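Below, all heavy atoms of this structure are taken into account, side chains as well, without hydrogens, waters or symmetry copies. To find a chain, count down the sequence lines: A is the first, B the second, and so on, and within it residues start at 1. All values reported here derive from a predicted model rather than from experimental measurement.
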There are 2 protein chains.
Amino acid sequence: MTPPNNSKRRKELVAIAARLFYEQGYERTTVRMLADAMGIKSGSLFHHFNDKQEILCAVIQDGMESAMEIARQALDGVADPKERFLSLSKAHLSTLLNDRNAHVVALYEWRSLSDSSLDLLIGMRDEYENLWQKVIDECVEAGVLKGDVPLIRRFTLGALNWTVQWYDASGEKSSDDLAKALAELMGMPAS
Amino acid sequence: MTPPNNSKRRKELVAIAARLFYEQGYERTTVRMLADAMGIKSGSLFHHFNDKQEILCAVIQDGMESAMEIARQALDGVADPKERFLSLSKAHLSTLLNDRNAHVVALYEWRSLSDSSLDLLIGMRDEYENLWQKVIDECVEAGVLKGDVPLIRRFTLGALNWTVQWYDASGEKSSDDLAKALAELMGMPAS
DNA sequence: GTCTATAATAGGATAGAC
DNA sequence: GTCTATCCTATTATAGAC
């Protein structure tokens, strides 16, 4: 039987898998590659996970959880709608661009999940999007943004999520710089 | 030997491949699936293409070419910077959301290309991005947008490209509606 | 919890006839 | 240009010993 889902060892293995899935994509990463990176043989992998897809599910769960946690922290104690939007954007980009891996996988590899994994994770995704929805709602109510809130949320997350495709961590701009630039583009210059 | 790259038959096959790659992703699509959809046996596929990856390259080439053509048409005869931006956005979303397939594959499956295919295609991508760069440049010069132009281009294309992940063609909003909404969000309401 | 060994199959690609 | 037949390897997953 596989061990409990919250074992420390499993967490480590999931983090390693996240890195490989991030670097090469889920489908191109074989269980042998995973086992190698984990320092075990491929047969041993199946002591921790029932199948390959379950590893992906665990990675995505991990990515969503940490994104959620960092997002909540970022909003904690911040009251001004513009500031909340900026802080949430910084948190989002931070998980994507600095601590790359799990959150990126969570955004880009949904297609490879089984239906039952999808059921498990879709609630977490909705929860995260609701956080954004509320913050944008506050901005609209405060008059610093205008338009259809779900649409603004989707455009914003699109602009942010796409940074994964082009951002160069060794370049001049920090992920915080990007967040600021996006807020400015949307008519919310730093006050 | 494989036939010339511009044969009509090959174009048809590439379009079919584009649909499958769009629906399931490149890695999850097998050459047998491709052959089935094309109405031939898998062995026959290799009369038209040297290997699977070459099919992807052809699909992406196709996607970039048609996106480029539609973009040029959209800008033709339009002078006002704001109008040009809107028109280009509409064209981009139209190739992504209505005539889904090749352009979507072109955006999302770069990772699976071989180095030599990459060399071939990277120039086309740059050309397309340059088109956007110029239009945004014009907007900045006209004072309707402000900020770092490459950054604005990337955020804009991110917001647009991400629509693939959530857009529902059977919903109320057309792809043109989305383009308008984004322009408004960026402080360029229809005049 | 990890190992070795291996089963079972799927996947990309080729050869040669028609 | 397509078919049949098939090769060859990679891949996921299992079984049983330690």
Checklist entry - Nearest-Å distance, NE2 (B/His48) to C1' (C/dA13)? => result 15 Å
Checklist entry - A/Phe46 or A/Thr30: which one's nearest nucleotide on DNA chain D is closer to the 5' end? => result A/Thr30
Checklist entry - For the side chain of A/Lys41, counting heavy atoms from C-beta on, which of C/dC3, D/dT2, D/dA13 is nearest? => result C/dC3
Checklist outcome for this item: Side-chain contact check for B/Asp51: nearest option of C/dA13, D/dT2, C/dT2 is C/dA13
Next on the checklist: If the cut-off is 4.0 Å, is A/Ser44 near the phosphate of C/dC3, judged by side-chain N/O to OP1 or OP2?
Outcome noted: yes
Checklist outcome for this item: Looking only at D/dT14, C/dG11, D/dG1, the nucleotide nearest the B/His47 side chain is D/dG1
Checklist entry - With respect to the side chain of A/Lys52, which nucleotide from D/dC3, D/dT12, C/dG12 is positioned closest? => result D/dT12
Item to check | Donor on one side chain, acceptor on other, B/Ser116 and B/Asp119, under 3.5 Å | outcome: no
Next on the checklist: For the residue pair A/Arg153 and B/Trp166, would you count it as a cation-pi contact if the rule is NZ or CZ under 6.0 angstrom from the ring centre and within 45 degrees of the ring axis?
Outcome noted: no
Item to check | Side-chain donor/acceptor of B/Tyr108 to backbone N/O of B/Asn161, under 3.5 Å | outcome: yes
Next on the checklist: Any donor-acceptor pair, under 3.5 Å, between the side chain of B/Arg32 and the base of C/dG12, if you only look at N and O atoms?
Outcome noted: yes
Item to check | Separation of C/dG1 P from A/Glu12 CD (nearest whole Å) | outcome: 11 Å
